[in-house]
Structures are given as structure tokens and as C-alpha cells.
Peer 1: 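Got a structure here, written out as C-alpha cells. Questions coming.
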Amino acid sequence: MMEGTAGVSGRRHADEALLDDPAALAELDPGGMLRFTASAGAQVRESAALAAEANLAVLADDGRPRAVVIAGIGTAGRTGDVLATVAGPRCPVPVIAHRSAGVPGWVGAADVVIAVSASGRSPEALGAAEAAHRRGARLVAVGAPDSQLQSVAERARAPFIPVPRRAPARASLWALTVPVLLAARTLGLVKVNEADLAETAARLDADADRCRPTAESFVNPAKSLALALAGSIPIVWGSSPLATVAARRFGDTLSANARYPVVSGALGEAGRGRVGLLDGVFGGLAEGERDIFADPGATETEGTRLRLVLLRDGGLNAEDDADEPLAVEERRADAVQTLAERRGVRCDVVTAEGGSALERLASLVAVPDFAAVYLALAHGLDPMAVPAITEMKELANQ
């Protein structure tokens with residue numbers, strides 16, 4: 001065994017049959033990542049209740065802030081992206097996701113800092129909370145109860161929303177996101193009501209049922225997507241700012257759970273350069289050499305190819321004051337699907353559904369979240385245990 005590969009196991013090629021064997025899935029997922037992923041709806045309800053018990057009203061005492069900084073790393077940092085997109089272009093103040101220790105140099109008494117950490121001990125969130133306290137900024141902290149982050153919040157006499165850590169941070173997106181949204185609602189920055197939260201939780205519950213381990217691949221959208229991506233280089237593009245957050249989230253989970261290299265981001269930005277990947281050695285050039293008469297199973301070993309996943313939003317209202325007209329987003333999404341088809345690059349589409357921005361985001365996140373776990377399991381990988389993450393922390397902290 002090569003040095004540094006202790007604990008690394010799995011198979012190079014995905015085992016499609018394994019995904020329709022619930023007992024085998026359970027054996028490969030001893031930490032329960034599928035179960036944690038299915039808890040998304042419950043996370044929304046629980047964290048909303050916990051936020052209601054926190055004294056968030058004090059945030060509004062000093063009026064509207066100059067800016068809001070959401071400090072955290074990884075999934076905690078994604079909560080800032082979610083807030084920015086749910087608040088939308090009409091948000092009256094800047095919303096900034098900050099992913100390094102401390103806070104931006106301009107942060108002061110006129111601003112609000114929301115420090116987020118699933119463990120309650122990430123250096124980024126702790127550094128931001130302490131810096132906010134020193135500078136007199138209003139502070140909200142979100143994280144594990146009885147943690148270092150809670151201690152900092154108590155010293156600063158700031159609201160703390162205790163989110164029980166039952167799962168890895170990457171499976172706790174909704175537990176961390178809802179308190180951030182409700183803190184922003186208290187500041188008058190977002191319109192997220194109880195009905196939105198209830199409908200979002202119900203959407204996540206419904207998708208968890210569709211993607212359950214006992215649902216066979218041909219009726220399970222997450223298993224189908226996982227099998228479509230197996231052996232490929234995934235490109236995940238979002239058609240709108242909201243869909244782009246979901247695309248980057250899918251990139252996160254594919255990398256961490258399934259250990260796949262991923263290109264993810266905004267379709268609008270991709271159209272200025274990255275769309276050229278469809279012409280490249282893993283795209284059109286590879287597809288052009290495919291023998292259409294060959295046995296489908298035989299071609300799997302010929303080379304790695306791109307697989308495009310397009311997350312389409314469609315928008316809630318064409319009259320909204322959006323960043324760009326809905327018609328432009330739709331034409332661009334249609335165009336990239338046509339480009340992929342012309343080059344023989346396979347394309348999977350996930351389309352948003354729901355009556356609020358939050359529910360639409362949930363509809364774009366839920367199935368991909370499950371798909372990343374199923375793809376890991378198809379390769380015999382434990383999605384919970386990632387040796388490289390543990391080793392990285394050990395080496396960086398020496």
C-alpha cells in the first residue's frame with residue numbers, strides 16, 4: 001500500500017447492481033450518511049424551533065445594519081451564499097459570505113456578523129465572532145451547543161442558536177442555513193415566513209422518500225443520477241443565482257462524499273469560457289471517437305468523459321427585479337443543452353419546483369445530495385469516512 005492510503009478503500013468502477021441492494025447499502029454506510037441526508041426536512045423544523053427560542057429580537061434594536069457578514073468555512077460558508085440568493089437583488093444591504101479567519105477590515109459597529117460552525121470550533125467562525133465582539137459589531141452565532149463558539153457568544157452577550165451536531169457538517173446544510181435566514185429576517189433583509197419553512201421541509205421530506213434506499217434505480221431519481229455520473233467528470237452548472245448555489249453545493253458533496261473531481265458554477269459565467277470544455281478532450285473530441293455500434297458496457301473503459309448536469313431554476317416571477325431577465329436565463333440553458341447534444345455529451349437536467357425561493361432551492365439540492373451519497377456507495381466508498389480530510393487536519397495542525 002502506498003504511504004498515505006491507510007483507510008482508503010473502494011473500487012475504481014461503480015457497481016450498478018449494488019444500489020438496488022438495500023442490505024449492501026446499509027453495510028457500506030455504517031455512519032448513516034443516507035439517514036442524515038434524509039433528515040433535511042427535520043433539520044428545517046428543528047432549527048426553526050431553536051431559532052425561535054433564541055433572543056434574536058435584540059438584533060433589531062439598532063435598526064438596519066450597513067452590511068451583514070456570514071463567517072464560516074465549507075458548508076457553514078454556503079449558508080452565506082444561500083442567504084444572499086434568497087434575499088435577492090432587492091436586499092437593502094450587502095450580504096457577504098466570508099470564508100477566512102477574522103472579518104473584513106471595514107467591519108465595525110454598524111454591521112452584523114453571523115458566525116456559523118457545525119462543530120462550534122472552526123477557526124474561521126471563532127475568529128470572526130471574536131473580531132466582531134472587539135469591533136462592536138452585532139453578533140449572532142450558530143453552532144453546536146456547549147462549544148467554544150457558544151462561549152464567545154456568551155462573552156459578547158450575543159444571541160446563540162444551538163444546533164445539535166448529529167451529522168457531519170456537509171449533511172447539516174439545512175440545520176445551519178435556517179437560523180441564518182431567520183436572523184436575517186429579524187433584520188428585515190429577507191421575507192421567509194412560517195409557511196415557506198413548512199413547505200420547504202415538506203419538499204425535502206417528499207424528495208427523501210423518492211430517493212430512499214429501498215426505491216429501485218428506475219424510479220429513484222438520485223440513484224439514476226448517480227449511475228449517469230459514474231465514471232465521468234461531472235460539470236454542474238446553475239441557470240440562475242439560486243440554481244448556482246445548488247450547483248456549487250452539488251460540487252461540494254460530489255467531491256467530499258464520492259471523491260469525484262467536479263467543475264461547478266454559474267451557467268452565465270461558463271458561457272464566457274468554460275463552455276469550451278464541451279469541445280475538449282473529455283467532451284466532443286472523446287465523443288466523436290465513440291463507436292456507436294460497440295457494446296455499451298465495453299465503452300466504459302475507453303476513457304473518461306464529461307457528464308453535464310444542468311440545474312434549471314425558471315424563476316418565480318418574470319416581472320421580478322432580477323439580476324437579468326428570466327428569458328435570458330432560459331435561452332442560455334436551452335443553448336447549452338443544444339451544444340451538449342451536438343457534441344454527444346450527455347446532459348441531465350434538474351428543474352426547480354416550489355412557490356418560494358427557499359423551496360425552489362430545496363428542490364434543486366435534495367436529489368443531488370442523495371446522488372452524491374449513492375455514487376460513493378456504488379464505488380464501495382464510505383461517504384462518512386474520508387481519510388484525506390482527517391490526514392489533512394493532522395498534517396496542517398502539526
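These figures come from a predicted structure and were not determined experimentally.
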Peer 1: If hydrophobic clusters are built from ILVMFWY residues whose side chains come within less than 4.5 Å, do L59 and V178 share one?
Peer 2: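 Same cluster: L59 reaches V178 through Ile, Leu, Val, Met, Phe, Trp or Tyr contacts under 4.5 Å.
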Peer 1: Among all residues two or more places apart in sequence or in another chain, which pass the side-chain contact (heavy atoms from CB on, under 4.5 Å) test with S217?
Peer 2: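 Once residues adjacent in sequence are excluded, the partners of S217 under the side-chain contact (heavy atoms from CB on, under 4.5 Å) criterion are L19, D20, K223, L227.
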Peer 1: Measure the spacing between CG of L311 and CG of L267 and express it to the nearest 0.5 Å.
Peer 2: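 Reported value, rounded in 0.5 Å steps: 10.0 Å.
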Peer 1: How far does CZ of F160 sit from OG of S147, to the nearest 0.5 angstrom?
Peer 2: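 One gets 4.0 Å once the value is rounded to the nearest 0.5 Å.
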Peer 1: Taking the side chain as C-beta and beyond, is there a heavy-atom pair between R307 and I235 under 4.5 Å?
Peer 2: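 No, too far: nothing below the 4.5 Å cut-off.
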Peer 1: Assess whether a salt bridge exists between D334 and R312, defined as any Lys/Arg side-chain N lying under 4.0 Å from an Asp/Glu carboxylate O.
Peer 2: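 Judged by the 4.0 Å cut-off on N to carboxylate O distance, D334 and R312 do form a salt bridge.
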Peer 1: Using the test ring pair (Phe, Tyr, Trp, His ring centres under 6.0 Å), find all partners of Y260 that sit at least two apart in sequence or belong to another chain.
Peer 2: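 Partners of Y260 under the ring pair (Phe, Tyr, Trp, His ring centres under 6.0 Å) test: H379.
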Peer 1: Where do P123 and A101 come nearest, in terms of heavy atoms and distance?
Peer 2: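 Taking every non-hydrogen atom into account, O-CB, 4.2 Å.
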Peer 1: According to a 4.5 Å side-chain heavy-atom criterion applied to Ile, Leu, Val, Met, Phe, Trp and Tyr, with indirect links allowed, do L83 and L242 form part of one hydrophobic cluster?
Peer 2: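 Result: yes, single cluster for both.
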Peer 1: Mind checking side-chain contact (heavy atoms from CB on, under 4.5 Å) for T79 and listing every partner two or more places apart, or none if nothing turns up?
Peer 2: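 Scan of T79 (side-chain contact (heavy atoms from CB on, under 4.5 Å), adjacent residues dropped) gives I70, V116, L176, T177, V180.
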Peer 1: If you apply the rule side-chain contact (heavy atoms from CB on, under 4.5 Å), what do you find for N55 with V58, and how did you get there?
Peer 2: CA-CA 6 Å; N55 187 23; V58 299; 2.9 Å; yes
Peer 1: Quick check: do I96 and V68 have side-chain heavy atoms less than 4.5 Å from each other?
Peer 2: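 No - every pair of side-chain heavy atoms lies 4.5 Å or more apart.
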Peer 1: For residues E329 and P325, determine if any side-chain heavy atom of one lies less than 4.5 Å from a side-chain heavy atom of the other.
Peer 2: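 SC-SC contact between E329 and P325 ruled out.
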Peer 1: Using every non-hydrogen atom in the two residues, find where A371 and A226 come nearest and quote the distance to one decimal.
Peer 2: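 Scanning both residues, the minimum pair turns out to be O-CB, 3.5 Å.
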Peer 1: Once salt bridge (charged side-chain N to carboxylate O under 4.0 Å, His left out) is applied, what residue pairs with a partner in residues 168-191 remain, sequence neighbours excluded?
Peer 2: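 For residues 168-191: R185-E194.
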Peer 1: Sequence neighbours left out, what pairs pass salt bridge (charged side-chain N to carboxylate O under 4.0 Å, His left out) with at least one residue falling in residues 250-267?
Peer 2: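 For residues 250-267, and leaving out neighbouring residues, the salt bridge (charged side-chain N to carboxylate O under 4.0 Å, His left out) pairs sorted by first residue read R78-D252.
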Peer 1: How would you list all residue pairs meeting salt bridge (charged side-chain N to carboxylate O under 4.0 Å, His left out) that involve residues 91-112, not counting sequence neighbours?
Peer 2: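 Those involving residues 91-112 are R66-D111, D81-R99.
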Peer 1: Taking atom CG of L377 and atom CE of M33, what is their separation to the nearest 0.5 Å?
Peer 2: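 With rounding to 0.5 Å, CG (L377) is 9.5 Å from CE (M33).
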Peer 1: Between S47 and Q43, do the side chains contain an N or O donor and an N or O acceptor separated by less than 3.5 Å?
Peer 2: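 No - no donor-acceptor pair under 3.5 Å links their side chains.
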Peer 1: Do P221 and C211 have side chains that get closer than 4.5 Å, going by heavy atoms?
Peer 2: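 Yes, close enough: below the 4.5 Å cut-off.
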Peer 1: Could you tell me which residues satisfy side-chain contact (heavy atoms from CB on, under 4.5 Å) with P213, sequence neighbours excluded, listed by chain and number?
Peer 2: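 With neighbours one apart ignored, the set is L25, L34, Y374.
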Peer 1: Do you know the tightest heavy-atom contact between G31 and M384?
Peer 2: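 Result for this residue pair: O-CE, 3.0 Å.
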Peer 1: Got a second to check how far E124's CD is from L126's CG, nearest 0.5 Å?
Peer 2: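 Answer rounded to 0.5 Å: 9.0 Å.
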Peer 1: Side-chain contact test, heavy atoms from C-beta onward, threshold under 4.5 Å: evaluate it for L364 versus R360 and give yes or no.
Peer 2: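 Side chain of L364 against side chain of R360, heavy atoms only: no contact under 4.5 Å found.
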Peer 1: If two hydrophobic side chains count as joined below 4.5 Å and joins carry through other members, does L310 share a cluster with L229?
Peer 2: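 No, because L310 and L229 fall into different hydrophobic clusters, even though each may have its own neighbours under 4.5 Å.
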Peer 1: Quick one: does any side-chain atom of N220 pair with a main-chain N or O of A215 as donor and acceptor, under 3.5 Å?
Peer 2: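 Confirmed, N220 side chain pairs with A215 backbone.
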Peer 1: Using the side chain to side chain donor-acceptor pair (under 3.5 Å) criterion, which residues pair with E154? Sequence neighbours excluded.
Peer 2: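 E154 satisfies side chain to side chain donor-acceptor pair (under 3.5 Å) with Q150 only.
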Peer 1: Any pair with a residue in residues 38-49 that passes salt bridge (charged side-chain N to carboxylate O under 4.0 Å, His left out), sequence neighbours left out, goes on the list, sorted by first then second residue, please.
Peer 2: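 As it turns out, the salt bridge (charged side-chain N to carboxylate O under 4.0 Å, His left out) pairs with a partner in residues 38-49, which skip direct neighbours, are R45-D205, E46-R166.
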Peer 1: Minimum heavy-atom separation for A128 and A71, please, with both atom names.
Peer 2: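 What the structure gives for the nearest pair is CB-CB, 3.2 Å.
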Peer 1: Do the side chains of R332 and S239 get nearer than 4.5 Å, heavy atoms only?
Peer 2: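 Answer no - side chains too far apart.
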Peer 1: Taking only residues at least two apart or on different chains, which pairs with a member in residues 72-131 satisfy ring-ring contact (aromatic ring centres under 6.0 Å, His included)?
Peer 2: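 For residues 72-131, and leaving out neighbouring residues, there are no ring-ring contact (aromatic ring centres under 6.0 Å, His included) pairs at all.
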Peer 1: Measuring only between side-chain heavy atoms, which start at C-beta, is S264 closer than 4.5 Å to R248?
Peer 2: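 Answer yes - side chains close enough.
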Peer 1: Would R212 and D209 pass as an ion pair if we require N to O under 4.0 Å?
Peer 2: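 Yes, charged N to carboxylate O under 4.0 Å.
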Peer 1: Does I233 belong to the same Ile/Leu/Val/Met/Phe/Trp/Tyr cluster as W237, with side-chain heavy atoms less than 4.5 Å apart forming each link?
Peer 2: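 Same cluster.
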Peer 1: Closest approach of A158 and L139, non-hydrogen atoms and distance?
Peer 2: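 Smallest heavy-atom distance, with atoms named: CB-O, 3.2 Å.
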Peer 1: List for me each residue that meets side-chain contact (heavy atoms from CB on, under 4.5 Å) alongside T253, sequence neighbours excluded, and say none if there are none.
Peer 2: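 Checked T253 against side-chain contact (heavy atoms from CB on, under 4.5 Å); matches are R249, F250, N257, D369, A372.
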Peer 1: Let me confirm one number: the CD1-CZ distance from I114 to R138, rounded to the nearest 0.5 Å.
Peer 2: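 Reported value, rounded in 0.5 Å steps: 10.5 Å.
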Peer 1: To the nearest 0.5 Å, what is the distance between CZ on R165 and CZ on R121?
Peer 2: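 Reported value, rounded in 0.5 Å steps: 6.0 Å.
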Peer 1: In plain terms, say whether E353 and R203 are close enough for a salt bridge, that is, a side-chain N and a carboxylate O under 4.0 Å apart.
Peer 2: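 Yes, charged N to carboxylate O under 4.0 Å.
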Peer 1: Remaining members of V386's ILVMFWY cluster at a side-chain heavy-atom cut-off under 4.5 Å?
Peer 2: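 Besides V386, the cluster holds I389.
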Peer 1: Does T390 form a side-chain contact (heavy atoms from CB on, under 4.5 Å) with K393? I'd like the steps, not just the answer.
Peer 2: CA-CA 5 Å; T390 305; K393 290 178 180 177; over 6 Å; no
Peer 1: Within the distance-only criterion (no hydrogens, no angle test), does the side chain of R346 pair as donor or acceptor with the backbone N or O of A340 below 3.5 angstrom?
Peer 2: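 Flag not set: sc R346 to bb A340 has no pair under 3.5 Å.
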Peer 1: Please check if V163 and L56 belong to a single hydrophobic cluster, counting links between Ile, Leu, Val, Met, Phe, Trp and Tyr side chain heavy atoms closer than 4.5 Å.
Peer 2: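 Yes, because V163 and L56 connect within a single hydrophobic cluster, where side-chain heavy atoms sit under 4.5 Å apart.
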